[in-house]
2 protein chains.
Amino acid sequence: MATIDDVAKAAGVSKSTVSNVFTKKRPISKGVSDKVLEVSKQLNYKPNYWARTLATKETRIIGLNMQAERIKFSQFHLSLVNGVLHECYGRGYQLLINTLSSDYKNDIQNQVSNPVDGEILMDPAVDDERIKKELSKERPCVVIGKPPKHLDQTLSYIDNDNVGIAYELTSHLLTLGHEKILFLNAAKHKTVALDRAQGFQTAFEDNGKRCPHELILNKTINNTSIEFGYDTAFRFLQERNRITAVIADTDKMALGVYQAASALNITIPKHLSVFAFSDDSVFESEFQPRLSSARLNAEQLGEGAARLLIEQIQENNKLVKRIVIPSEVCHRGSTSTKFLEG
Amino acid sequence: MATIDDVAKAAGVSKSTVSNVFTKKRPISKGVSDKVLEVSKQLNYKPNYWARTLATKETRIIGLNMQAERIKFSQFHLSLVNGVLHECYGRGYQLLINTLSSDYKNDIQNQVSNPVDGEILMDPAVDDERIKKELSKERPCVVIGKPPKHLDQTLSYIDNDNVGIAYELTSHLLTLGHEKILFLNAAKHKTVALDRAQGFQTAFEDNGKRCPHELILNKTINNTSIEFGYDTAFRFLQERNRITAVIADTDKMALGVYQAASALNITIPKHLSVFAFSDDSVFESEFQPRLSSARLNAEQLGEGAARLLIEQIQENNKLVKRIVIPSEVCHRGSTSTKFLEG
DNA sequence: TATTTTAATAAAACCGGTTTAAGATTGGTA
DNA sequence: TACCAATCTTAAACCGGTTTTATTAAAATA
């Protein structure tokens, strides 16, 4: 590729003149400018992205840091990406998706600063290493989900009202007569798990009932969501005084529950009601009957996060903002009133 | 952020020693190396990505260039991204998604070289500007879909057997007794449209029938897929000797067809059979009855493209490869034998 | 006409790394 | 002891832009 020096030489002007023709930071006379552009075209010259970045310290790229089970993203994550991209398009930013393993990143040879103007962090944990790292540099950062409590005042974030949703789902099930409700929650170290557990608990208390803490189970890292859903549901469905309803953290988890129910010849929703936190699901076809769920509006989460981040980058606006994305409960076929034996 | 000079000074060594500690390109004695690493940690130093890239000319980022209707990506595209990401993860690459408008990119101030080691191009057109640009730089490039004919020997690509799929769908409909089959094809300038039209035509000919060229319609740019599906189907369903089957380019288009049929009180599949080229659809819930389709396996397309590209980057392997991803026809509820009046 | 402004261009410094070529130390060998 | 090779370190050049400062020519002012 031709460099700025080649162009300068060929056009008989200095480097800085060529630079100014492209960046328009200083006026260049029409004659000279045209000449430079013509030569550039002939030599197929374009300013080198990284050289420019090194000098200006601006990449016009934002980063999205997300982790996935076995590196296959769920519909929730993909919808979210869609939202982020939509916002990027309108504002002239590109999106860098970073899914590199920490093994890779910890190798000394791969230790480098991040090549972005700012980053979106997903699925924050109670004591999140990534957030600490982000804060130690002074690069803009937006969280999707709720940051650890002590950073609530420090970081902008966008989230669903997870306490509220869990409350609503639980209340609804209680109204339908269910009491033995299994809550398959997110992993313990994720902040979202805390919020949802609280909504679950408060719903019981507000209905004058004891919250069955022993029925709140957190996903473990060793299993996939489907496995965790299957194994746990299977176990609790075999008990004598068995559960009559399940709230699952994701649709994949709910799929495991469906499979467990099927294996035990338990009919949904007649003998078991199932709710999930979910976006529209890709494997909807595998849910028979269709899954009732709280729609989390991932796309809006993504759009909002991108908007927040880019504003922060451009306006150098350190104002901390919090946004709550509404979510609707969709009653489909997997929930019904508690079945009364006999 | 601390720079390499800061670290060198603080550790009492030269720049190049610090550099070699991180890059491991030359041996540095344990004592010195430890000292440098310790100082780096204290100063929170990491090599600057852009500066390193400028010197090494390697970014370890691959690009994905895709366009979407109103910048909302379909399930097909998102699944594809999933595949690309999966492959990136294993190979230590990050993914840069570029959806910038050509307006933006054509602005002189935004004219820059691409900051990636190689690029994946989607949805090639018969006379594709992007491909020309890619080839004029000598950066590795892989196409998803079929490149223009004259570049068939020049570019690696990965594609479905679109001729074959179209043939199969059409033959199946012919077997069911349909003859007036509306083919809602991709936009005329896309190479995929040519392949599918050919499969459609050959199926008719092999069955000893004339191919109804007047029933092949290409999507126009002015409309969204849903609108195009709706408008066109609506028009053809009102004719006297009306169509009895439709093959749609995407599931969104098929959704438009469903809506047109519904508006005209035409029952699917009794009075109208519908097939689509599709991945699993997000709005499956909106299809009643469920949509029969050819599954294009977008995820595999994405994985394969990324693998191909990264191999090309790393091995500097100029060997042109062509990969065909198989696709299966999924018979669901939207197709049936032609309804005989009376 | 002499003096100041203004506009356009150029020269040089800089961004923060890597790489090349040269230099210093050490240990081993003749 | 002198010489060589091996090992480690460094100074300087380089990657390809932007930005600051300097210079020149033309226009405006006194």
Side-chain angles (χ1 to χ4, degrees), chain A residues 1-37 39-40 43-61 108-117 137 139, chain B residues 1-37 39-40 43-61 108-117 137 139:
Chain A
M1 281 283 282
T3 70
I4 197 172
D5 287 306
D6 300 334
V7 174
K9 196 178 293 172
V13 298
S14 74
K15 273 175 81 167
S16 43
T17 299
V18 177
S19 177
N20 282 316
V21 167
F22 279 92
T23 61
K24 293 188 178 164
K25 301 225 165 143
R26 296 204 164 184
I28 300 292
S29 64
K30 180 111 180 31
V32 174
S33 179
D34 285 351
K35 172 81 183 168
V36 168
L37 288 176
V39 170
S40 297
L43 298 181
N44 194 20
Y45 167 76
K46 281 191 180 183
N48 180 297
Y49 202 107
W50 300 108
R52 172 177 282 187
T53 293
L54 182 57
T56 62
K57 309 199 167 321
E58 190 202 35
T59 65
R60 291 199 80 85
I61 296 176
I108 293 181
Q109 292 160 75
N110 301 323
Q111 294 259 346
V112 271
S113 66
N114 230 349
V116 295
D117 289 342
K137 313 158 204 170
R139 195 191 311 114
Chain B
M1 279 282 282
T3 72
I4 196 170
D5 286 305
D6 300 334
V7 174
K9 194 178 292 172
V13 298
S14 75
K15 273 174 81 166
S16 41
T17 299
V18 177
S19 177
N20 281 316
V21 167
F22 279 92
T23 62
K24 291 189 180 165
K25 301 230 164 137
R26 302 206 159 184
I28 299 292
S29 61
K30 179 114 179 27
V32 174
S33 179
D34 285 350
K35 173 79 185 170
V36 168
L37 288 176
V39 170
S40 297
L43 298 181
N44 193 22
Y45 168 75
K46 282 192 179 183
N48 180 298
Y49 202 108
W50 316 303
R52 172 177 283 186
T53 293
L54 181 57
T56 62
K57 308 198 168 321
E58 191 201 35
T59 65
R60 290 199 82 83
I61 296 176
I108 293 182
Q109 293 160 76
N110 301 321
Q111 292 260 344
V112 271
S113 66
N114 229 350
V116 295
D117 290 342
K137 312 158 204 172
R139 194 192 310 117

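Order of the sequence lines fixes the chain letters, A, B, ..., with proteins taken first and strands second; residue numbering starts at 1 for each chain.
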State whether the distance check finds a donor on one side and an acceptor on the other, under 3.5 Å, for side chain [X] versus base [N].
X: B/Lys15; N: C/dG16; value: no
X: A/Ser16; N: C/dA10; value: yes
X: B/Arg26; N: D/dT7; value: no

Does [N] have its OP1 or OP2 closer than 4.0 Å to a side-chain nitrogen or oxygen of [X]?
X: A/Thr3; N: D/dG16; value: no
X: A/Lys57; N: C/dC15; value: no
X: B/Lys25; N: C/dT19; value: yes
X: A/Tyr49; N: D/dT18; value: no
X: A/Ser19; N: D/dT18; value: yes

What contact category does [X] fall into here, base, sugar-phosphate, or nothing, at under 4.0 angstrom with non-hydrogen atoms?
X: B/Val18; value: nothing
X: B/Lys30; value: nothing
X: A/Phe22; value: nothing
X: A/Thr23; value: sugar-phosphate

Rounded distance in Å - [atom1] ([X]) to [atom2] ([N]):
X: B/Lys24; N: D/dT7; atom1: NZ; atom2: P; value: 18 Å
X: B/Glu58; N: C/dG17; atom1: CD; atom2: C1'; value: 14 Å
X: B/Lys9; N: C/dG17; atom1: NZ; atom2: P; value: 14 Å
X: B/Asn20; N: C/dG17; atom1: CG; atom2: P; value: 14 Å

message: Given 3.5 Å as the limit, does a donor-acceptor pair link the side chain of B/Thr23 with the main chain of B/Ser19, or not?
response: yes

[X] has a side chain; which of [options] sits nearest to it?
X: B/Ser29; options: C/dG17, D/dT9, D/dG17; answer: D/dT9
X: A/Thr56; options: D/dT9, C/dT9, D/dT18; answer: D/dT18
X: B/Leu54; options: D/dC8, C/dT19, C/dG16; answer: C/dG16

message: Using 30° and 60° as the class boundaries, would you call the ring planes of B/Tyr45 and B/Phe22 parallel, tilted or perpendicular?
response: perpendicular

message: Going by side chain to side chain donor-acceptor pair (under 3.5 Å), name the residues that satisfy it together with B/Asp117, two or more places apart in sequence or in a different chain.
response: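 So B/Asp117 forms a side chain to side chain donor-acceptor pair (under 3.5 Å) with B/Thr59.
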
query: Would a 4.5 Å heavy-atom cut-off, applied to side chains only, mark B/Val21 and B/Val13 as touching?
result: no

Position toward the 5' end of DNA chain D (nearest nucleotide), B/Val32 or A/Met1: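 Residue closer to the 5' terminus by nearest nucleotide: B/Val32.
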
field: B/Met1/B/Asn48 under side chain to side chain contact (heavy atoms under 4.5 Å, CB included): CA gap, chis, key distance, verdict
entry: CA-CA 9 Å; B/Met1 279 282 282; B/Asn48 180 298; over 6 Å; no

